[in-house]
Amino acid sequence: MKVYLGAAPGVGKTYRMLDEARRRADRGTDVVVGYVECHKRPHTLAGLAGLEVIPRAQRAYRGGEFEEMDLEAVLDRRPRVAVVDELAHSNIPGGRHAKRWQDIEELLAAGIDVVTAVNIQHLESLKDVVEKITRVPQQENVPDEVVRRAHEIELVDMPAPALRRRMAHGNIYAPEKVDAALANYFRVGNLTALRELALLWVADSVDDALQKYRFEHGIDRVWETRERVVVALTGGPEGETLIRRAARIADRSVGGDLLAVHVARSDGLAAGSSPVALVRQRALVESLGGSYHSVVGDDIATALLEFARAENATQLVVGTSSRGRLERFVTGRGIGETIVALSGDIDVHMVTHERAGRGRQLPSRRRTLSTRRLIAGPVAGLVLPLLLTLLLDGMRGTLNLTSEALLFLLAVVAVACVGGVVSAVVASVTASLLLNYWFMPPVGQFTFADVNSVLATVVFAVVAGTVAAVVDRSLRLSRRSARATAEAETLSSLAGSIVRGDQAIPALLERTRETFGMDSAELTCAPVTDTAAVQVPIGEEAHLVLRGRTLPSSERKVLAAFAAHVTVAVERARLAEAAAEIEPVRAADRMRTALLAAVSHDLRTPLAAGWAAIASLRSRDVEFTDEDRDELLATADESMARLGRLIDNLLDMSRLQAGALNLSLRATTLEEVLPTALESLPPQSRVDIPCLSAVPAVLADPPLLERVVANLLSNAARHSPPDRAVLLTASTLDNRVEVRVIDRGPGLPAEDRERAFVPFQRLGDTDNTTGVGLGLALARGLTEAMSGTLTPEDTPGGGLTMVLSLPAADLAN
């Protein structure tokens with residue numbers, strides 16, 4: 001499938017489709033035109049010359065004849081390429097599919113290539129955005145995924161001034177529609193905004209294709225096709241500063257992306273990481289239009305760079321080190337310096353902040369002590385006692401033996417805190433020997449015969465060993481606590497995604513792949529034979545399979561929790577599917593129950609009244625005057641009319657519920673339907689209608705529009721005071737006509753307004769004498785079937801206003 005995408009009508013999509021069809025036909029390709037809407041544009045009509053056109057199917061609908069693509073004829077013809085216009089078009093009921101994109105999918109499934117076209121305003125994801133810009137609701141939409149699945153997407157672009165000139169020259173709409181179009185939908189601001197939406201949407205689609213290509217070809221180098229700014233978050237207080245700085249960098253380029261990433265280490269987190277702060281920072285990122293990501297990695301610098309390269313990031317924002325000078329001297333190069341050294345073609349921004357250089361706790365490693373401390377400890381155990389000996393020798397005579405022994409003991413404790421058990425043993429042996437030789441009498445020789453000398457050496461060893469054991473245990477507990485914190489943080493982030501509604505299975509799989517830095521994550525029905533893949537059972541019928549790297553046991557624990565979430569999501573999807581299948585049956589059952597409960601009285605009342613009147617007229621026992629006879633006939637007539645209206649409402653509501661209501665849309669004026677609608681009102685009803693000659697015709701089904709207006713007027717008259725008339729007015733807004741039915745009754749609370757449109761509801765009524773409550777429900781259903789809307793508003797000064805909005809006939813095309 002190839003899709004020509006445009007920002008607005010008239011940019012030339014259909015012309016380009018036909019031009020391509022002629023080129024393919026000239027090359028010998030079997031091309032047919034399945035459906036093309038030329039809108040009487042001469043250049044587009046000329047493009048059909050020389051092309052085989054499949055005759056259109058004629059469909060009867062509500063008394064009218066409409067043309068649609070003959071899907072069966074195209075399938076029987078089996079061309080190599082079919083040209084099918086208006087991808088988002090809604091088919092007239094009676095065909096095989098409700099939407100034209102579904103017709104196209106059937107053509108594709110049959111092996112027929114399709115060339116089609118669509119405007120950006122018809123994409124489902126942009127429906128609300130376009131409505132805010134143009135103030136015109138979009139009634140026909142196509143899922144974005146249908147367009148994204150196309151093999152080719154070609155943007156048909158045209159600047160706003162050029163498109164307006166094409167409109168002014170009569171190349172898009174008929175001359176009588178040009179002025180209104182230029183003043184409304186085709187304003188420069190509207191067209192410019194729609195053009196930007198189209199450009200950005202196509203850019204995102206191209207970017208997805210590029211990412212797929214890079215993955216399939218194993219390309220990990222950065223291609224600077226667009227600015228992607230990754231900001232690294234530690235969970236510290238500096239995070240918000242970094243996020244805002246990164247957002248400003250991303251905003252400097254059109255279409256720049258902002259991605260925030262936090263690395264949760266499987267072996268623990270550095271001090272200062274706050275889950276509460278991460279939640280706030282995630283909210284800030286998303287409010288700035290960015291996305292938040294969490295990955296698991298033992299080496300923070302490597303994990304950040306791998307994530308940045310996988311996302312094709314061009315810039316990486318990190319905070320300057322919060323370690324103090326002494327800590328940097330002891331521990332060496334930090335994460336920021338490592339990132340700069342390994343970044344390659346990714347630009348790194350080191351952003352200073354108020355916490356820079358204030359120090360933090362040393363990060364824990366996979367082992368209890370780092371390699372640096374394991375080396376530095378024994379060295380300190382030899383060097384520190386020697387330095388202390390030199391210092392005390394220069395102060396000989398100032399301190400006594402007790403003070404000197406305590407200083408050596410302090411040195412041993414310090415070494416034990418740094419290097420652990422081995423360092424403590426080295427320091428205690430060295431300190432005891434030096435103390436014995438230099439400071440215990442006789443000075444200058446080792447003496448172990450003295451009980452005091454032996455006791456001092458033993459005490460040194462015991463104290464050093466005890467301190468080292470305590471330090472080692474503390475570090476182990478700290479590491480375990482940090483590991484648990486890391487795992488809890490990762491799972492908390494996942495749970496937060498689910499709570500926010502990101503629980504769709506594809507989203508969870510992508511989250512799992514991203515978190516563990518894998519190349520792919522998928523669900524399979526059976527175990528795979530790839531021994532390099534990581535596999536986790538999901539229930540009894542599925543397996544979670546990850547490919548990319550070998551996971552350590554510490555990360556597999558977290559993966560098991562992710563798998564549990566995926567299991568829940570799979571089961572939830574199955575239940576939702578089952579519920580979706582059951583819901584139509586339940587809805588139909590509720591409708592039948594409500595119908596039987598509601599109509600029992602309302603059917604019986606007019607039947608009984610009409611039956612009694614007719615029975616009286618047929619009676620030979622009573623002589624009726626002409627006046628009495630006329631009154632009985634009027635009663636019978638009114639009862640039968642009520643019964644007829646009730647049955648018509650019930651049948652139409654049933655057709656609406658079943659989706660089988662036939663429409664015959666055409667240009668219809670309000671003057672055409674108002675007389676009949678007014679005749680259906682009770683004689684005592686009062687309705688004021690100003691002159692409506694200036695109101696354009698609407699695109700509607702006349703009998704259905706009459707029913708809608710009659711129901712609205714009847715509802716308003718029933719609730720209006722006897723001395724106040726119902727007011728009906730009409731006006732235009734953009735390309736729509738708004739009809740307002742205004743009453744001065746008690747009004748309707750805001751919380752009850754939607755309930756008023758539910759079938760068999762009679763808000764404020766206490767009996768069934770006024771009907772079964774189908775009036776407003778039927779009015780809204782019929783209105784929406786005609787691509788309109790029906791909404792209630794407060795009447796200024798009291799009362800309720802029903803706003804009926806329908807497309808104007810002269811602008812609907």
Side-chain angles (χ1 to χ4, degrees), residues 1-27 29-41 43-59 61 66-124 138-156 198 202 205 813:
M1 182 170 70
K2 179 173 182 177
V3 176
Y4 283 97
L5 178 67
V11 294
K13 303 180 302 301
T14 306
Y15 182 86
R16 293 280 290 275
M17 280 197 310
L18 295 175
D19 185 58
E20 177 173 345
R22 288 198 309 273
R23 291 198 310 270
R24 294 196 184 194
D26 292 342
R27 294 196 299 266
T29 305
D30 184 15
V31 181
V32 303
V33 176
Y35 186 94
V36 163
E37 187 59 67
C38 296
H39 298 290
K40 299 181 181 179
R41 298 167 187 166
H43 297 293
T44 307
L45 286 168
L48 285 171
L51 294 174
E52 178 183 351
V53 180
I54 301 294
R56 300 181 181 181
Q58 302 292 323
R59 297 218 176 105
Y61 190 65
F66 297 86
E67 294 183 340
E68 290 285 7
M69 180 179 72
D70 193 335
L71 177 60
E72 291 77 7
V74 179
L75 290 171
D76 292 341
R77 171 64 174 76
R78 297 194 64 82
R80 182 69 183 87
V81 179
V83 178
V84 183
D85 203 359
E86 297 186 350
L87 177 64
H89 172 74
S90 298
N91 293 329
I92 295 295
R96 190 177 299 185
H97 303 294
K99 291 287 188 177
R100 183 161 293 161
W101 62 263
Q102 296 171 318
D103 295 339
I104 290 176
E105 288 194 332
E106 185 167 350
L107 293 176
L108 295 171
I112 301 173
D113 291 347
V114 175
V115 180
T116 185
V118 69
N119 281 330
I120 193 69
Q121 67 263 27
H122 295 304
L123 296 180
E124 183 67 40
Q138 302 300 317
Q139 304 298 332
E140 295 185 327
N141 301 289
V142 59
D144 290 46
E145 183 60 27
V146 173
V147 183
R148 291 190 187 278
R149 286 200 302 265
H151 294 81
E152 294 181 50
I153 301 176
E154 183 172 329
L155 178 66
V156 183
V202 172
S205 177
N813 295 322

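Start at 1 with the first residue, then count along the sequence.
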Test salt bridge (Lys or Arg N to Asp or Glu O under 4.0 Å) applied to Glu145 - qualifying residues, sequence neighbours left out: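 Checked Glu145 against salt bridge (Lys or Arg N to Asp or Glu O under 4.0 Å); zero matches.
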Look only at the side chain of [X] and the backbone of [Y], and say whether a donor-acceptor pair between them is shorter than 3.5 Å.
X	Y	value
Arg78	Gly111	no
Asp144	Glu124	yes
His151	Met1	yes

Minimum-distance pair of heavy atoms, taken over all atoms of [X] and [Y]:
X	Y	answer
Ala110	Leu75	CB-CD2, 3.8 Å
Val156	Gly12	CG1-C, 3.9 Å
Val31	Ala25	CG2-N, 4.1 Å
Asn119	Ala8	OD1-O, 3.4 Å
Val74	Gly34	CG2-CA, 4.2 Å
Ala21	Val83	CB-CG2, 3.7 Å

Evaluation steps, side-chain hydrogen bond (donor to acceptor under 3.5 Å, both in side chains), between Glu68 and His89: CA-CA 10 Å; Glu68 290 285 7; His89 172 74; 3.0 Å; yes
To the nearest 0.5 Å, how far apart are [atom1] in [X] and [atom2] in [Y]?
X	Y	atom1	atom2	value
Arg100	Met69	CZ	CE	6.0 Å
Lys13	Leu87	NZ	CG	11.5 Å
Leu5	Ile120	CG	CD1	4.5 Å
Leu108	Asp113	CG	CG	7.5 Å
Gln121	Asn141	CD	CG	9.5 Å
Ile104	Ile112	CD1	CD1	11.5 Å

Stepwise side-chain hydrogen bond (donor to acceptor under 3.5 Å, both in side chains) check, Lys2 with Thr116: CA-CA 6 Å; Lys2 179 173 182 177; Thr116 185; over 6 Å; no
Do [X] and [Y] have side chains that approach each other closer than 4.5 Å (heavy atoms only, starting at C-beta)?
X	Y	result
Val115	Tyr4	yes
Asp103	Asn91	yes
His39	Thr44	no
Val32	Leu51	no

Step through the shown structure and confirm whether more than 12 heavy atoms of other residues, nucleotides or ligands are within 6.0 Å of [atom1] on [X].
X	atom1	result
Arg23	CZ	yes
His97	NE2	yes
Arg149	CZ	yes

side-chain contact (heavy atoms from CB on, under 4.5 Å) assessment of Arg41 paired with Tyr15: CA-CA 10 Å; Arg41 298 167 187 166; Tyr15 182 86; over 6 Å; no
Quick test of your reading of the model: are [X] and [Y] salt-bridged, counting only N-O distances below 4.0 Å?
X	Y	value
Asp70	Arg77	no
Glu20	Arg16	no
Arg22	Asp19	yes

Worked check of side-chain contact (heavy atoms from CB on, under 4.5 Å) between Val33 and Asp85: CA-CA 9 Å; Val33 176; Asp85 203 359; over 6 Å; no
Full working for side-chain contact (heavy atoms from CB on, under 4.5 Å) between Val146 and Lys99: CA-CA 12 Å; Val146 173; Lys99 291 287 188 177; over 6 Å; no
Glu86 and His122: CA distance, side-chain angles, deciding distance, side-chain contact (heavy atoms from CB on, under 4.5 Å) verdict: CA-CA 10 Å; Glu86 297 186 350; His122 295 304; over 6 Å; no
